[in-house]
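Working notes for the structure below.
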Amino acid sequence: DVKVTQSSRYLVKRTGEKVFLECVQDMDHENMFWYRQDPGLGLRLIYFSYDVKMKEKGDIPEGYSVSREKKERFSLILESASTNQTSMYLCASSLGRTSTDTQYFGPGTRLTVL
Amino acid sequence: AQKVTQAQTEISVVEKEDVTLDCVYETRDTTYYLFWYKQPPSGELVFLIRRNSFDEQNEISGRYSWNFQKSTSSFNFTITASQVVDSAVYFCALSDLGQGGSEKLVFGKGTKLTVNP
């Protein structure tokens with residue numbers, strides 16, 4: 001079974017803090033994704049990566065950055081957290097970029113910024 | 001541009017009723033993929049089905065069935081004899097190959113299904 005894990009299920013941070021959300025997959029997948037989910041807005045893509053050290057902006061990259069130093073790990077960084085970044089963050093991975101493979105999701109991190 | 005519309009925001013049914021969740025899509029691609037995911041209250045998105053645009057056969061898996069109609073750009077999902085455990089938010093998604101072949105998914109806003117005992 002594909003396993004995608006996220007470092008925390010719940011996280012509370014203060015405005016201005018630097019926040020790291022970690023995602024690890026154990027299936028040697030090429031692609032990894034970060035989404036945020038908000039009521040009424042569905043899932044929106046923040047960043048994705050199709051290879052180590054490669055990244056591409058999604059639909060809402062502002063205020064976020066990412067890091068992929070190893071194939072299995074994809075980190076989402078909030079440089080200076082703000083209250084409008086309070087949300088559910090979902091990480092996903094998929095096999096490769098030669099076809100549209102199924103994305104498998106982690107359990108999510110519910111981040112609250114006070 | 002790629003777009004997925006799930007017009008039903010919330011649906012409430014009584015156990016054992018059949019329920020259909022609608023999904024309509026727009027795409028510029030000639031080859032594309034459609035997906036359905038389930039998000040139970042625990043929060044994790046669970047993959048249900050992936051369908052290639054060349055395969056218009058309907059699919060059945062237990063109480064779940066999917067009706068793909070290219071002519072109307074729809075990929076509807078039916079749960080037969082619904083159960084309380086089917087209560088969840090269901091998302092329809094469409095592939096977006098983009099430039100350079102990098103793959104993304106475009107999600108609908110989801111339909112919240114509540115099955116009452």
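No experiment lies behind these values; they were computed from the predicted model shown. So that the names make sense, note that chain A is the first sequence line, chain B the second, and so on, each numbered from 1.
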Q: Might you point out which heavy atoms bring A:Leu90 and B:Gln39 nearest each other, and give the distance in Å?
A: CD1-NE2, 4.3 Å
Q. Which pair of non-hydrogen atoms, one from A:Tyr35 and one from B:Leu105, has the smallest distance, and what is that distance?
A. OH-CB, 4.0 Å
Q: Could you check which of A:Pro39, A:Gly42, A:Gly58 has the highest count of heavy-atom pairs closer than 4.5 Å to chain B?
A: A:Gly42
Q) At a heavy-atom separation under 4.5 Å, does A:Leu43 approach chain B through its side chain, its backbone, both, or neither? A) both
Q. For A:Gln6, is it the side chain, the backbone, both or neither that has a heavy atom under 4.5 Å from a heavy atom of chain B?
A. neither
Taking atom [atom1] of [X] as the centre, report whether more than 12 heavy atoms of other residues, nucleotides or ligands fall under 6.0 Å from it.
X        : atom1 : value
A:Arg14  : CZ    : no
A:Lys70  : NZ    : no
B:Lys112 : NZ    : no

Q. Roughly how far apart are A:Tyr50 OH and B:Lys104 NZ, rounded to 0.5 Å?
A. 12.0 Å
Q) Say you draw a straight line from CD of A:Gln103 to CZ of B:Phe107; how long is it, rounded to the nearest 0.5 Å? A) 5.5 Å
**Q.** Contacting region of B:Tyr37 [heavy-atom separation from chain A under 4.5 Å]
**A.** side chain
Hydrophobic cluster membership, with links at side-chain heavy-atom distances under 4.5 Å among I/L/V/M/F/W/Y: are [X] and [Y] in one?
X        : Y        : value
A:Met32  : A:Leu45  : no
B:Val19  : B:Tyr90  : yes
A:Trp34  : B:Val106 : no
A:Phe105 : A:Val66  : no
B:Val24  : B:Val4   : no

Q) Who in residues 106-114 of chain A is close to chain B, using a strict under-4.5 Å heavy-atom cut-off? A) A:Gly106, A:Pro107
